[in-house]
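Data block below; observations after.
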Amino acid sequence: MADTEATLLRQFPLFLPQNREKTVYEGFISAQGRDFHLRLLLPKDLQLKNARLLCSWQLRTVLNGYHHIVQQRMQQSPDLVSFMMELKMVLEVALKNKKEPHELSPPPKFYSSLIGEIRTLGWDKLVSVDPCFSTIKLKADVSGREHLITVKLKAKYPAESPDCVVDFPVPFSVSWTPQSSLISIYTQFLAAVESLKTFWDVMDEIDEKTWVLEPEKPTRSATARRIVLGNNVSINIEVDPRHPTMLPECCFLGADHVVKPLGIRLSRNIHLWDPENSLLQNLKDVLEIDFPARAILEKSDFSMDCGICYAYQLDGAIPDQVCDNSQCGQSFHYICLYEWLRGLLTSRQSFNIIFGECPYCSKPITLKMSGRKA
């Protein structure tokens, strides 16, 4: 009971009990920036189905044509909080339809049905719903991770299948019939989330225990990670979300004298890969390294900035060109090094490779020209 009262106060701070028995509530309900006065009289047993709702004339005017929905919700809502949330949603719809009478709005039964579906699903699953009830956002908390699904209803719902937007690394399609509902969408959504649990476990472990350069803020759909291995050397991995513990696609980035030994170890130890172990542990075993964690690396131990523009990010790109001199190892943005070498009189080009001098150590450096904009 205390939880219900706290939720009611949080959701509707202007709607308060007027007596100790809490059989009389009075105050305001807010929708689209407007406040509407109402009074609710409950019987001694506090059963909503026998309650009386007294509305101000402004609220009665807005809800004209929706009274039977309000009565239905009062009969079926399990508690006062649920009823007030459903009433607010009906009010939002009514206000929207009053503002835009020229548009063909769905019949009241459409909204009544949807509100019932949301109540059955559980209000705790609802993140947001737009005033027209055309876009509904739901959430699921699975294994400590919050996942969202945005459901975009079409004009002929439920005869037409809605569009669903999720942050998954694989396509998500809903099996739909005219008898389907939000509950069936949510059930399929949960099943898809559960099927990807191992993939997200793998990616979360990488994000928590290594220094990830890219992406800076990975989404749940991101399958690639660029991970620091050492000073100006990193590995880019592409994980298969359907088989997340299998060997991922690997690409080493850095100076040749550092990258080549890593490639040799990968080829030599690939037989050690055990799908029963985590992906991160397998990478450690196969590459014979420990991944440095960002928390324990000093900034001076790992030079991140471009040696030409002295910035880390440039138009979304990070330094990915490295001097091969073991005494130097300075990194550069592709575009910065390209412009630098192009401006040197001593630079020369052979086919798609530019030969020149490192801006830091003056030792030979090469740049393979790509299809990037320069």
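Residues: numbered from 1 along the sequence shown.
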Do [X] and [Y] have side chains that get closer than 4.5 Å, going by heavy atoms?
| X | Y | result |
| --- | --- | --- |
| L46 | L80 | no |
| L16 | Q18 | yes |
| L91 | L59 | yes |
| Y66 | S112 | no |
| S350 | F355 | yes |
| V202 | L280 | no |
| W211 | I227 | no |
| V258 | F252 | no |

May I ask whether [X] and [Y] are part of the same hydrophobic cluster, defined by side-chain heavy atoms of I, L, V, M, F, W, Y residues being less than 4.5 angstrom apart, directly or through others?
| X | Y | result |
| --- | --- | --- |
| F28 | L9 | no |
| Y338 | Y310 | yes |
| L262 | W273 | yes |
| Y334 | V322 | no |
| L253 | L367 | no |

Main chain of [Y], side chain of [X]: is a donor-acceptor contact present, judged purely on distance under 3.5 Å?
| X | Y | result |
| --- | --- | --- |
| S77 | M74 | no |
| N352 | K368 | no |
| Q11 | P13 | no |
| S347 | L341 | yes |

Locate the shortest heavy-atom distance separating [X] from [Y]; write the atom from each residue and the value.
| X | Y | result |
| --- | --- | --- |
| C164 | I185 | SG-CG2, 4.0 Å |
| H333 | Q321 | C-CG, 4.5 Å |
| Y157 | L182 | OH-N, 3.5 Å |
| N269 | E288 | ND2-OE2, 2.8 Å |
| V81 | F12 | O-CE1, 4.5 Å |
| Q330 | Y360 | OE1-CE2, 3.7 Å |

**Request:** Return the set of residues passing side chain to side chain contact (heavy atoms under 4.5 Å, CB included) with E21 (not counting sequence neighbours), or none when no residue passes.
**Result:** N19, T23
**Item:** Contacts of type side chain to side chain contact (heavy atoms under 4.5 Å, CB included), residue Q71, not counting sequence neighbours
**Value:** none
**Request:** List the steps, then state whether side-chain contact (heavy atoms from CB on, under 4.5 Å) holds for V170 with F199.
**Result:** CA-CA 11 Å; V170 295; F199 167 75; over 6 Å; no
Calculate, to the nearest 0.5 Å, the distance between atoms [atom1] and [atom2] belonging to [X] and [Y] respectively.
| X | Y | atom1 | atom2 | value |
| --- | --- | --- | --- | --- |
| R119 | M89 | CZ | CE | 12.0 Å |
| R265 | I270 | CZ | CD1 | 15.0 Å |
| F83 | Q75 | CZ | CD | 10.5 Å |
| S82 | I118 | OG | CD1 | 11.5 Å |
| E5 | T7 | CD | OG1 | 10.0 Å |
| I235 | L213 | CD1 | CG | 12.0 Å |

Residues 124-131, side-chain donor-acceptor partners within the protein, below 3.5 Å, at least two apart:
unit_1: D130; atom_1: OD1; unit_2: F133; atom_2: N; d: 3.0
unit_1: D130; atom_1: OD1; unit_2: S134; atom_2: N; d: 2.8
unit_1: D130; atom_1: OD1; unit_2: T135; atom_2: N; d: 3.0
unit_1: D130; atom_1: OD2; unit_2: S134; atom_2: OG; d: 2.7

**Asked** Residues in side-chain hydrogen bond (donor to acceptor under 3.5 Å, both in side chains) with N236, at least two apart?
**Response** none
**Asked** What residues form a side-chain hydrogen bond (donor to acceptor under 3.5 Å, both in side chains) with S181, not counting sequence neighbours?
**Response** none
**Asked** Between E357 and T346, does any side-chain donor sit less than 3.5 Å from a side-chain acceptor?
**Response** no
**Request:** Please indicate whether W340 has more than 12 foreign heavy atoms, meaning atoms of other residues, nucleotides or ligands, lying under 6.0 Å from its CH2.
**Result:** no
**Asked** Do other residues, nucleotides or ligands put more than 12 heavy atoms under 6.0 Å from Q47 CD?
**Response** yes
**Prompt:** Hydrophobic cluster mates of L41, side-chain heavy atoms under 4.5 angstrom, ILVMFWY only, any path?
**Reply:** V24, L54
**Message:** Evaluate C55 against F36 for side-chain contact (heavy atoms from CB on, under 4.5 Å), listing each step before the verdict.
**Reply:** CA-CA 8 Å; C55 304; F36 297 90; over 6 Å; no
Salt bridge (Lys or Arg N to Asp or Glu O under 4.0 Å): pairs with one or both residues in [range], sequence neighbours excluded:
| range | value |
| --- | --- |
| residues 31-56 | E26-R39 |
| residues 73-82 | R73-E86 |
| residues 197-209 | R145-D201, R145-D204, K197-D201, D204-R220, E205-K209, D207-R225 |
| residues 160-179 | K154-D163 |

Distance-only donor-acceptor pairs under 3.5 Å for side chains of residues 186-194, two or more places apart:
unit_1: Y186; atom_1: OH; unit_2: K139; atom_2: O; d: 2.7
unit_1: T187; atom_1: OG1; unit_2: I183; atom_2: O; d: 2.8
unit_1: Q188; atom_1: OE1; unit_2: S175; atom_2: N; d: 2.7
unit_1: Q188; atom_1: NE2; unit_2: S175; atom_2: O; d: 3.0
unit_1: Q188; atom_1: NE2; unit_2: S184; atom_2: O; d: 3.3

**Request:** Under the side-chain contact (heavy atoms from CB on, under 4.5 Å) rule, what do D324 and T366 come out as? Steps first, then yes or no, please.
**Result:** CA-CA 9 Å; D324 198 32; T366 59; over 6 Å; no
Contacts under 3.5 angstrom, residues 240-251 side chains, donor-acceptor by atom type, not counting sequence neighbours:
unit_1: D240; atom_1: OD1; unit_2: R242; atom_2: N; d: 3.0
unit_1: T245; atom_1: OG1; unit_2: P275; atom_2: O; d: 3.3

**V151/L153 under side-chain contact (heavy atoms from CB on, under 4.5 Å): CA gap, chis, key distance, verdict** = CA-CA 6 Å; V151 183; L153 305 179; 3.7 Å; yes
**Request:** Have a look at F332 and tell me which of P359, P319, C309 forms a side chain to side chain contact (heavy atoms under 4.5 Å, CB included) with it.
**Result:** P359
